> 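Handing you a structure now.
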Amino acid sequence: MSIIKLYNRWLSFIIITLLSIGNFPTNLSAQCDNLNEKIKIFNFILREIEKSYIDPIDPTDLIDEAIRGMLANLDPHTNYLSRDQFESWNKSFEGFSGIGIYYNVINGRIVIMSLLENGPAAQAGILPGDEVLAINREAIAHKPQSEIISLLKGPAGTKVTILLKRHSWPEPKNYTLIRDQVFIKSIEDTYLLSNEIGYIKMNRFTASTSLELYNSIQKLQSAGMKKLILDLRDNGGGLMSAAIEVSDLFLPGKRKIVFKKGRTENSDEIFYTSGQAPFPKLPLILLMNHGSASASEILAGAIQDWDRGLIIGEASFGKGLVQSQIRFPDNSALLITTARYYTPSGRMLQRDYRKKTKDQYYAEAYNDSIRNFLAANTKTFKTIQGRLLSNQGGITPDIPLQSTQNEISPELKQLFFYGLNKNQFLDILVDEYLSSDNPFLSGRADRNNYQKLDDFIQHFELDSNLLTVLSNHIAKINYPFTQKQIEENLLDLEFLIKGNIAYRIWGEYGRFKVKLSRDNFLQESPKHFQDAENLLNRSLLLYSNAH
């Protein structure tokens with residue numbers, strides 16, 4: 001098919017789509033004449049490229065870029081996704097068929113880093129740290145990522161055989177697994193921080209989020225939990241419907257959760273709770289940071305406006321635009337902004353993006369001085385108890401905190417992101433360390449022995465063996481990081497390496513326990529539960545009196 005025919009087919013589809021989602025103005029004839037002239041110019045340019053340009057160009061790539069160029073000056077979140085991009089994006093919400101492993105490529109070796117709970121690999125007894133040597137008897141060392149993924153994925157119910165190497169085995173072993181539908185979990189961590197305080201880390205909002213959260217709360221309550229910290233840090237959102245369902249778990253009665261307003265009548269809508277909240281009186285604290293966005297902000301806005309719980313942390317990202325999804329015949333998709341989200345009190349969640357480049361827009365989300373200035377110079381709104389809230393876009397926390405858990409020196413960050421194996425420095429280092437004789441390998445045999453984990457956290461130090469491995473690895477990548485710099489960064493190195501080792505031996509719980517020592521959000525939050533309870537009790541009283 002010629003480039004012109006391909007383009008005209010796309011153009012016809014786009015015009016039909018536009019007619020279906022909005023009304024053209026009364027001066028349609030004049031606008032169409034102007035549009036036709038522009039289309040003629042565009043067709044001429046495409047024809048000249050196809051006929052005369054010095055190098056052959058894939059016409060589909062040209063048209064994809066033309067579409068993206070057309071969207072570039074609209075807003076930061078209207079986007080066109082190719083077929084592959086859309087499949088990757090959609091996988092986070094709809095799941096995929098596979099064996100349920102996360103792996104990393106370390107020095108050309110495929111090392112399993114973690115497993116999805118109850119996935120085929122986890123049920124078969126495969127462990128983090130196992131090395132995949134072959135898939136369906138085909139060696140995979142140094143294969144491209146795309147080939148490895150295609151070998152592992154397949155229709156649910158089909159078989160895949162993987163050859164694994166484990167440190168404690170004399171010989172590699174074959175595992176034959178049945179692929180299954182794998183859903184990426186929303187809930188990463190569910191732990192008791194104390195006898196009464198539960199902690200749940202939520203990473204995204206998907207179709208299964210509310211059920212996952214309900215089950216996690218039930219599990220913690222059966223273990224004695226009476227208060228909950230729900231961690232939304234770096235939760236970039238997901239399905240708006242999931243945010244409504246999660247809000248419905250905590251907000252009693254018929255309450256407004258969020259509303260949206262757009263350009264057309266059918267884009268305006270208000271969403272309410274069902275009135276059947278299973279946890280209406282559970283004291284609640286939400287943790288947020290600059291990476292909390294979209295559905296996270298819908299949930300936090302409803303909780304804050306109704307004084308249902310406390311928001312602790314940093315100002316959220318400020319992403320409150322509604323993207324309608326339009327699919328095309330080649331399975332690409334247009335995510336087009338059609339409305340804006342507002343909290344129950346009327347606060348607009350979207351930050352201002354006008355007269356800013358995309359880089360400026362995204363950088364502003366993480367600049368506290370700009371955010372504080374905006375918050376001080378905007379209209380204020382009130383919660384049900386009359387507490388004043390700013391309307392600078394996103395959610396301003398009730399109790400501001402600045403994270404300290406990731407504060408490591410710039411020179412150490414540069415070391416970890418240096419060279420070809422960017423961001424794999426720790427993985428490679430720990431992999432070499434765990435391949436040698438050391439006192440912690442026995443933990444692999446009993447990943448549920450948390451007494452060993454506590455002992456490890458309390459007593460682990462950068463011993464001479466590990467420091468030698470560290471120095472050798474720095475020399476191997478030829479990075480100018482001196483012995484003096486190692487000594488100056490020992491505490492940070494110990495923290496980061498300890499967390500990686502704990503993760504490789506005890507899984508996510510191991511890494512979580514190590515992170516607790518530096519997570520000031522989790523150290524500070526329990527001190528505010530009395531305020532959260534008082535807020536909840538007054539809110540329940542006010543709401544019942546008003547109804």
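None of the values given here were measured: they were computed from a predicted structure.
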> How far does CG of D189 sit from CG of D231, to the nearest 0.5 angstrom?
8.5 Å
> Look up atom CG in D268 and atom CZ in R263, then write down how far apart they are to the nearest 0.5 Å.
13.0 Å
> Does any donor atom in the side chain of D248 or Q276 lie under 3.5 Å from an acceptor atom in the other side chain?
no
> Inspect the surroundings of CG in L491 and state if more than 12 heavy atoms from other residues, nucleotides or ligands are less than 6.0 Å away.
no
> Given T264 and N266, is the side-chain hydrogen bond (donor to acceptor under 3.5 Å, both in side chains) satisfied, shown in steps?
CA-CA 6 Å; T264 61; N266 60 1; 2.7 Å; yes
> Take Y342 and K260 through the side-chain contact (heavy atoms from CB on, under 4.5 Å) test and state the conclusion after the steps.
CA-CA 6 Å; Y342 297 79; K260 59 179 185 173; 5.8 Å; no
> Which residue, Q350, R354, K356, forms the side chain to side chain donor-acceptor pair (under 3.5 Å) with D352?
R354
> Return the minimal non-hydrogen interatomic distance between H77 and T337, and the atom names on each side.
C-OG1, 4.4 Å
> Would you name the heavy atoms of P252 and L540 that are closest together and state the gap between them?
CG-CD2, 3.7 Å
> Is atom CZ of R83 surrounded by more than 12 heavy atoms (other residues, nucleotides or ligands) closer than 6.0 Å?
no
> Does the pair L287 and L401 meet the rule for a side-chain contact (heavy atoms from CB on, under 4.5 Å), with working shown?
CA-CA 10 Å; L287 302 185; L401 279 181; over 6 Å; no
> Are side-chain heavy atoms of L127 and I112 found at a separation under 4.5 Å?
no
> Do R387 and Q304 come within less than 4.5 Å of each other through their side chains, counting heavy atoms only?
yes
> Less than 6.0 angstrom separating the ring centers of F259 and Y341, yes or no?
no
> Kindly state whether the ring of Y353 and the ring of Y362 have centres lying under 6.0 angstrom apart.
no
> With side-chain contact (heavy atoms from CB on, under 4.5 Å) as the criterion, how do K227 and L282 come out once you've worked through the C-alpha distance, each side chain's angles and the decisive distance to 0.1 Å?
CA-CA 6 Å; K227 308 165 187 176; L282 177 65; 5.5 Å; no
> Just do the salt bridge (Lys or Arg N to Asp or Glu O under 4.0 Å) check on K513 and D454 with the steps written out, would you?
CA-CA 8 Å; K513 288 279 284 186; D454 292 336; 3.5 Å; yes
> Do we see a donor-acceptor contact under 3.5 Å between the side chains of H290 and D368?
yes
> Please check if the number of heavy atoms outside K256 that lie under 6.0 Å from its NZ is greater than 12.
yes
> For S292 and F317, run side-chain contact (heavy atoms from CB on, under 4.5 Å): C-alpha distance rounded to whole Å, both residues' side-chain angles, the deciding distance at 0.1 Å, then the answer.
CA-CA 6 Å; S292 306; F317 183 88; over 6 Å; no
> With no hydrogens and no angle check, just 3.5 Å: does a side-chain donor-acceptor pair link S332 and D330?
yes
> Have T209 and E212 got a donor and an acceptor in their side chains that come within less than 3.5 Å?
no
> Nearest heavy-atom pair of S294 and G237: which atoms, and what distance?
CB-CA, 4.1 Å
> What's the spacing between S403 OG and D519 CG if we round to 0.5 Å?
6.5 Å
> Within this structure, what is the CG-CZ distance for the pair L536 and F250, rounded to the nearest 0.5 Å?
11.5 Å
> Do the ring planes of W306 and Y543 sit parallel (below 30°), tilted (30 to 60°) or perpendicular (above 60°)?
perpendicular
> To the closest 0.5 Å, what do you measure between OG1 (T190) and CD (Q218)?
12.5 Å
> Measure across R204 and N235 and return the closest heavy-atom pair with its distance rounded to 0.1 Å.
N-ND2, 3.2 Å
> Taking atom types as modelled and ignoring hydrogens, do the side chains of N500 and K498 form a donor-acceptor contact shorter than 3.5 angstrom?
no
> So, do I244 and M240 sit near enough that their side-chain heavy atoms are less than 4.5 Å apart?
yes
> Could you tell me which non-hydrogen atom of K319 sits nearest to which non-hydrogen atom of E297, and how far apart they are?
N-OE1, 2.9 Å
> Quick check: closest heavy atoms across A532 and L310, and the distance to 0.1 Å?
N-CD1, 3.8 Å
> Return the OG to CD1 distance between S316 and I298, rounded to the nearest 0.5 Å.
11.0 Å
> Tell me whether the centres of the aromatic rings in Y503 and F512 are closer together than 6.0 Å.
no
